Amino acid sequence: MLSEIQILEKIYAGFIGKAIGVRLGAPVEPTIWSYERIQKTYGEVTQYLRDFKNFAADDDTNGPVYFIRALRDYGLGATAEDVGETWLNYAAEEHGMYWWGGFGVSTEHTAYRNLRAGIPAPQSGSIAQNGTTVAEQIGGQIFIDSWGWVNPGNPQRAADMSAMAASVAHDGDGLNGARFCAAAIAAAFEATSIDEIVETAMATVDANSTYARVCRAVIDFHRANPDDWRACRDMLTADWGYDRYPGVCHIIPNAGVTIMAILYGKGDLPRTAEIATMAGWDTDCNAGNAAAIVATFQGLDEGWGKYRKPINDFLVASGIVGTINIVDIPSFARELTVFALQLAGREVPALWLEDFTRRGLRFDFDLPGSTHGFRTEGFNQISLRHSGERHAEGSRGSLEIQLDRLERGQGGRVFWKPFYRRSDFDDERYRPMFSPVVDAGQTVSFKLWLDPWNGDGNLRVAPYVRRTMSGAIEETGAWDVPSAEGWQDYSFVVPEGVEAIDEIGISIEYFGRLKFLAGCSLPISGSRGRDTPSSSRKPRCRNGARFLVSPSIAVTGPRALAASRAIRRPTPTCGPGTIMPATSW
């Protein structure tokens with residue numbers, strides 16, 4: 001039986017894989033980009049095709065973040081009707097979340113309108129209600145990853161739960177796609193080969209379905225031609241192409257690409273995502289699905305570096321709740337792990353259960369390579385990385401801040417962003433809305449450990465917040481020289497102000513006369529609500545001047561949520577943070 005930590009690490013790896021696949025495939029998704037155009041323009045894809053200040057929201061990741069909340073709001077036995085209510089609770093009509101392509105054209109738009117008209121799930125997504133073409137588009141499989149992650153080693157239950165959730169908008173082969181992808185993720189926790197994952201997932205799909213037949217066609221072709229994925233893609237064009245299956249993004253051709261990438265990727269996340277991207281059709285969807293499966297199987301790997309680093313443990317969603325839209329991937333992975341343990345009838349670690357219900361945030365840097373979205377600004381000789389060399393009790397890691405040959409008067413900022421605006425993004429994908437996660441009256445606690453390597457040790461730090469509109473930096477404590485003897489505690493209360501806060505962190509400055517080379521370790525960073533019990537679990541960072549943030553960030557006192565309609569039964573849980581009227585574009 002997998003341990004709690006093993007489950008957590010697999011889910012974390014899988015979600016990072018999903019984010020990588022979506023980010024890689026998004027710049028060349030249809031309809032402008034064809035398979036031939038991708039090949040002519042980029043040849044062999046071996047890196048991200050576009051840089052982003054921050055990658056904006058995507059429907060492929062919106063679904064896994066939001067639809068699983070049915071288990072929070074309606075319990076572990078949530079039904080299709082409950083998931084339908086979850087759609088209504090967390091999506092603003094024709095804003096974000098899905099592709100709103102019109103009733104009778106977009107599967108999700110059609111289902112949403114049905115739900116709003118009082119047609120409950122699963123009728124809302126049925127062939128009888130919407131017709132086969134609408135019911136069998138690709139959305140059946142692209143939103144269901146979380147149902148696989150909450151069922152580690154239980155592919156049959158993963159298939160059943162995912163089909164239940166997908167039935168809100170899909171039917172027929174749309175549900176077969178949900179079953180295959182979720183079962184493959186669930187099987188990937190314990191499988192010993194890609195072939196085992198595929199066959200286990202196939203066992204959950206109707207063997208007489210078109211979905212099963214396209215998958216078998218790819219499996220057979222791969223067996224005969226194991227090293228030529230482009231030949232397999234040509235076979236899909238000839239026998240299973242878009243010309244045969246109506247609608248905007250039918251599930252059958254894309255199912256062929258997804259399983260092709262899984263097989264020809266040979267268990268390597270980067271290669272799997274690259275093949276799915278180069279293969280065209282619905283590139284972000286296929287790369288996201290295939291990468292989620294293979295990343296869960298492979299587990300965290302150093303070979304992911306060039307794709308993982310830009311993710312930085314951070315994801316944007318675009319539901320109606322502005323605080324949920326700022327997704328800390330390690331925290332979300334821990335939330336899914338709690339669901340997985342509860343569904344399996346296993347005991348949940350007390351601190352994880354506290355995290356599950358806390359109205360705030362806790363960053364522990366416990367997961368290998370985790371950064372929790374921390375950033376630097378002001379000077380390129382300050383860099384961040386995860387470290388396992390030094391860590392506070394209860395965690396396996398910390399955030400290492402490396403300070404490389406600072407001279408007198410040089411410094412910068414290390415921070416986490418609790419709020420975003422349009423200017424923080426390059427595009428407007430899925431139009432996310434945000435509410436500040438940090439607000440006046442909350443307590444921020446963290447720890448630092450300075451590790452001077454060269455110089456006189458005259459490095460000082462001060463905690464601060466930054467105001468969103470003016471960019472004003474407000475120091476929230478005195479400048480202080482961190483201890484080089486061990487962890488030093490810092491704490492401050494977020495000050496009142498008329499502007500939202502979009503940075504919370506520490507300013508760093510060297511005031512000595514020698515070049516300074518050091519590291520600063522930062523364990524769990526926390527903004528904690530005054531009445532929320534603090535955690536004893538403290539993560540940290542490694543080499544150089546080290547900066548640690550205490551193990552928990554929590555927020556108390558929800559405010560009124562501005563919504564365009566009444567929230568349906570029961571009131572959804574809005575996750576960490578102060579809930580304020582969301583800003584959007």
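All residue numbers refer to positions in the sequence shown, counting from 1. Keep in mind the model is a prediction, meaning the values are calculated, not measured. Because only heavy atoms are used, hydrogens play no part in the values below, and waters and symmetry mates are left out as well, while side chains stay in.
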Test log, rule side chain to side chain donor-acceptor pair (under 3.5 Å), inputs Asn312 and Thr371: CA-CA 6 Å; Asn312 195 29; Thr371 61; 2.6 Å; yes

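- Within the 3.5 Å criterion, the main-chain N or O of Asp239 finds a donor-acceptor partner in the side chain of Arg244.
- A cation-pi arrangement, defined by a distance under 6.0 Å to the six-membered ring centre and an angle within 45 degrees of its axis, is present between Arg72 and Phe356.
- Cation-pi contact between Arg375 and Phe314: present, with separation from the ring centre below 6.0 Å and deviation from the ring axis of at most 45°.
- In summary, the aromatic rings of Phe339 and Trp149 are positioned with their centroids too far apart to meet the 6.0 Å limit.
- With contacts defined as side-chain heavy-atom distances shorter than 4.5 Å, the pair Ile329/Tyr12 qualifies.
- Cation-pi geometry between Arg23 and Tyr307 is not met at under 6.0 angstrom from the ring centre and within 45 degrees of the axis.
- Atom CZ of Arg113 has 12 or fewer neighbouring heavy atoms from other residues, nucleotides or ligands inside a 6.0 Å radius.
- In this structure, Trp87 has its ring center no closer than 6.0 Å to that of Phe143.
- Checked against the 6.0 Å centroid threshold, His109 and Tyr98 do not count as a close aromatic pair.
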Stepwise ring pair (Phe, Tyr, Trp, His ring centres under 6.0 Å) test for Trp281 and Tyr242: CA-CA 9 Å; Trp281 288 335; Tyr242 269 32; 5.2 Å; yes

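- Separation of the His372 and Phe365 ring centroids falls under the 6.0 Å cut-off.
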